[in-house]
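Have a look at the structure below, then the notes.
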Amino acid sequence: MSKSFDVVVIGGGPGGYIAAIRAAQLGLQTACIDEWSTADGKPAPGGTCTNVGCIPSKALLQSSENYEHAGHAFAEHGIQVKGLAVDIAQMLKRKDKVVKQNNEGILYLFKKNKVTFFHGRGSFAGGKAGVWEIKVAGKLEEALVAKHVIVATGSNPRALPGLPFDNKLVLDNDGALAIPEIPKRLGVIGAGVIGLEMGSVWRRLGAEVTILEALPVFLGAADEQVAKEAQKVFSKQGLAMHMGVKVGKVTAGKDVKIEYADNAGKAQALAVDKLIVSIGRAPNTTGLNAAGVGLKLDERGFVTVDNDCRTSLPGVWAVGDVVRGPMLAHKAEEEGVAVAERIAGKHAHVDFNTVPWVIYTSPEIAWVGKTEQQLKAEGVKYKAGQFPFMANGRARALGDTTGFVKFLADEKTDRILGVHIIGPMASELISEAVVAMEFKASAEDIALICHAHPSLSEAMKEAALAVDKRTLNL
């Protein structure tokens with residue numbers, strides 16, 4: 001006999017589990033289906049983000065940064081470290097513990113908010129508006145019926161044509177987070193977020209890292225000035241980055257051999273012990289039975305939705321990586337909350353213009369809103385203000401003065417159009433800019449706010465002041 005719900009969420013990643021919890025909080029009888037499992041077969045909700053993405057990568061980034069600080073930065077502070085060594089097994093064990101704590105936290109929140117959880121793969125079995133039939137394939141077969149269905153099945157890493165991931169020599173993000181020993185030579189194809197973060201981890205731990213990127217410019221989505229600064233800093237740190245390359249034949253044997261043409265068209269070859277492939281991600285609709293119920297997908301495989309995340313089927317919604325827009329965990333969360341509230345008859349709002357982007361390298365890179373090149377292309381008249389961390393007292397005390405804060409504001413109204421940061425704790429500082437832009441603030445509004453001294457946030461105030469060619473020289 002089928003179990004009946006107001007809402008069934010297929011997928012327990014950031015978009016899915018947040019949507020399920022919010023729907024339950026709004027009084028809707030809610031279920032969430034997720035198939036992620038631990039090594040011993042237990043439920044591991046949280047999707048790519050929790051299991052093989054955001055959370056474990058940050059754990060390894062922190063561990064590797066601690067190791068690098070102990071080896072290179074502590075001496076300046078008068079801290080002597082003798083016999084420094086790295087224990088990769090312990091580092092991975094800690095990472096796995098952090099992931100497990102997050103898995104268990106989500107299961108606790110399901111229980112607390114009365115979300116019924118099903119461990120298995122969810123798919124459409126039939127139905128129509130108001131009575132969608134959902135099948136759960138797991139240790140136990142379950143049949144569910146729901147008035148509303150939220151598809152939150154996420155995305156999968158793209159492989160190079162003809163070179164499947166084995167996560168021994170050719171690694172996706174999962175394999176990159178579980179390398180059992182430091183490779184002497186590590187190759188990375190793709191200079192995006194995953195490639196840069198994972199390349200940074202293993203470079204700090206001692207690997208020789210070479211990154212191959214097809215695009216002619218570095219970090220094309222970021223503000224050009226920030227991207228140039230980042231490329232300079234990362235190159236100085238030891239990341240060998242080659243832009244505008246065309247990857248040809250890749251052969252995996254005892255090691256991995258990559259044949260490619262450089263940006264001048266000259267044939268090159270690279271041999272590495274491990275190869276991370278980070279060339280983007282594809283929406284995950286495999287096994288969903290979208291065609292069986294007439295759920296429309298676009299030409300790239302994304303579930304087609306309108307501005308409110310409604311699909312082509314009445315009562316069926318979709319959020320996160322499986323729909324249009326940036327593949328960011330926090331974007332998925334915002335959409336999940338909004339859909340739950342729409343189902344409950346409430347008004348909801350998601351503004352893609354104020355979704356922040358963060359790359360957790362060192363220095364961190366974060367931005368929100370328009371880049372300077374976008375404003376120029378759109379013919380928008382703007383003012384720019386910038387302040388370097390080199391002139392910030394807290395940054396000097398931290399021993400990390402790399403980078404700057406940059407504000408872009410409308411020339412006439414002074415309304416903030418974009419904020420771009422490269423430097424320490426950029427991931428935290430960017431939130432002030434997000435709040436300001438959500439409330440349609442001007443650069444002067446930030447300049448007039450009292451910021452704690454000494455703090456990195458003073459660089460925000462100074463950059464905002466610089467928009468109008470002012471400074472407090474803090």
Side-chain angles (χ1 to χ4, degrees), residues 53-99 171 173 175-188 191-211 218-219 226-227 229-241 272-274 276 278 358-366 388-390 392 394-404 421-429 456:
C54 314
I55 304 304
S57 65
K58 303 312 161 285
L60 286 187
L61 280 160
Q62 187 63 52
S63 295
S64 65
E65 191 166 341
N66 287 344
Y67 175 71
E68 185 167 67
H69 284 174
H72 301 285
F74 280 6
E76 185 179 354
H77 291 266
I79 303 170
Q80 301 298 324
V81 178
K82 295 181 179 180
L84 181 65
V86 62
D87 184 341
I88 295 298
Q90 174 58 31
M91 194 174 288
L92 297 179
K93 183 179 178 180
R94 176 186 178 273
K95 178 260 296 181
D96 293 340
K97 180 181 178 181
V98 171
V99 169
L171 316 174
N173 51 298
L177 290 161
I179 302 175
E181 57 185 27
I182 302 167
K184 182 178 179 182
R185 306 162 302 171
L186 176 66
V188 181
V193 176
I194 295 171
L196 288 173
E197 290 186 357
M198 289 297 92
S200 293
V201 165
W202 295 106
R203 193 277 306 165
R204 290 173 192 158
L205 297 175
E208 297 174 3
V209 180
T210 302
I211 299 177
F218 182 66
L219 286 181
V226 168
E229 177 71 9
Q231 187 172 13
K232 180 180 71 176
V233 173
F234 295 152
S235 296
K236 187 176 180 181
Q237 289 175 351
L239 286 178
M241 297 183 290
V272 296
D273 302 304
K274 305 281 186 183
I276 299 172
S278 56
V358 181
I359 304 175
Y360 294 86
T361 46
S362 181
E364 291 185 345
I365 300 167
F389 283 108
M390 180 66 74
N392 179 270
R394 183 67 193 280
R396 286 197 295 266
L398 287 172
D400 187 355
T401 57
T402 303
F404 54 84
I421 309 171
I422 176 170
M425 304 303 291
S427 58
E428 304 297 331
L429 294 173
L456 296 172

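Throughout, residue positions are numbered sequentially from 1 according to the sequence presented.
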- Message: side-chain contact (heavy atoms from CB on, under 4.5 Å) for E364 and I359? Distances and angles first, verdict last.
- Response: CA-CA 6 Å; E364 291 185 345; I359 304 175; over 6 Å; no
Restricting to non-hydrogen atoms, name the atom on [X] and the atom on [Y] that form the minimum distance, rounded to 0.1 Å.
| X | Y | answer |
| --- | --- | --- |
| F218 | F234 | CZ-CD1, 3.7 Å |
| M241 | L196 | SD-CD2, 4.3 Å |
| Y360 | S427 | CE2-CB, 3.6 Å |
| L429 | P424 | CD1-O, 3.9 Å |
| I211 | A191 | CG2-CB, 3.7 Å |
| A426 | A366 | O-CB, 3.5 Å |

Check: [Y] main-chain N/O paired with [X] side-chain donor or acceptor under 3.5 Å:
| X | Y | result |
| --- | --- | --- |
| Q237 | S362 | yes |
| W202 | A176 | yes |
| R396 | M390 | yes |
| K95 | L177 | yes |

Which pairs of donor and acceptor atoms, one on a side chain in residues 60-79, lie under 3.5 Å apart (sequence neighbours left out)?
from : atom 1 : to   : atom 2 : distance (Å)
Q62  : NE2    : N66  : OD1    : 3.1
S63  : OG     : A59  : O      : 3.1
S64  : OG     : L60  : O      : 3.0
S64  : OG     : L61  : O      : 3.0
S64  : OG     : R204 : NH1    : 3.0
N66  : ND2    : Q62  : O      : 3.4
E68  : OE2    : R203 : NH1    : 2.5
E68  : OE2    : R203 : NH2    : 3.3

- S278 and N173: side-chain contact (heavy atoms from CB on, under 4.5 Å), yes or no, with the steps? CA-CA 7 Å; S278 56; N173 51 298; over 6 Å; no
For residues [X] and [Y], determine if any side-chain heavy atom of one lies less than 4.5 Å from a side-chain heavy atom of the other.
| X | Y | result |
| --- | --- | --- |
| L171 | K274 | yes |
| I421 | I365 | no |
| V226 | L219 | no |

What distance do [X] atom [atom1] and [Y] atom [atom2] have between them, rounded to the nearest 0.5 Å?
| X | Y | atom1 | atom2 | result |
| --- | --- | --- | --- | --- |
| M425 | L398 | CE | CG | 9.0 Å |
| D400 | R394 | CG | CZ | 11.5 Å |
| K232 | I422 | NZ | CD1 | 9.0 Å |
| T402 | K236 | OG1 | NZ | 8.0 Å |
| L92 | K97 | CG | NZ | 15.0 Å |
| L239 | T210 | CG | OG1 | 9.0 Å |

- Message: Once salt bridge (Lys or Arg N to Asp or Glu O under 4.0 Å) is applied, do any residues pair with R94, and if so which ones, sequence neighbours excluded?
- Response: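 Residues passing salt bridge (Lys or Arg N to Asp or Glu O under 4.0 Å) with R94: none at all.
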- Task: Please step through side-chain contact (heavy atoms from CB on, under 4.5 Å) for the pair I88 and L205, ending with a clear verdict.
- Result: CA-CA 9 Å; I88 295 298; L205 297 175; 3.9 Å; yes
- Message: Whether K184 and D273 form a salt bridge (side-chain N of Lys/Arg under 4.0 Å from carboxylate O of Asp/Glu) is what I want to check.
- Response: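 Here D273 does not pair with K184 in a salt bridge, since their nearest N and O are not under 4.0 Å apart.
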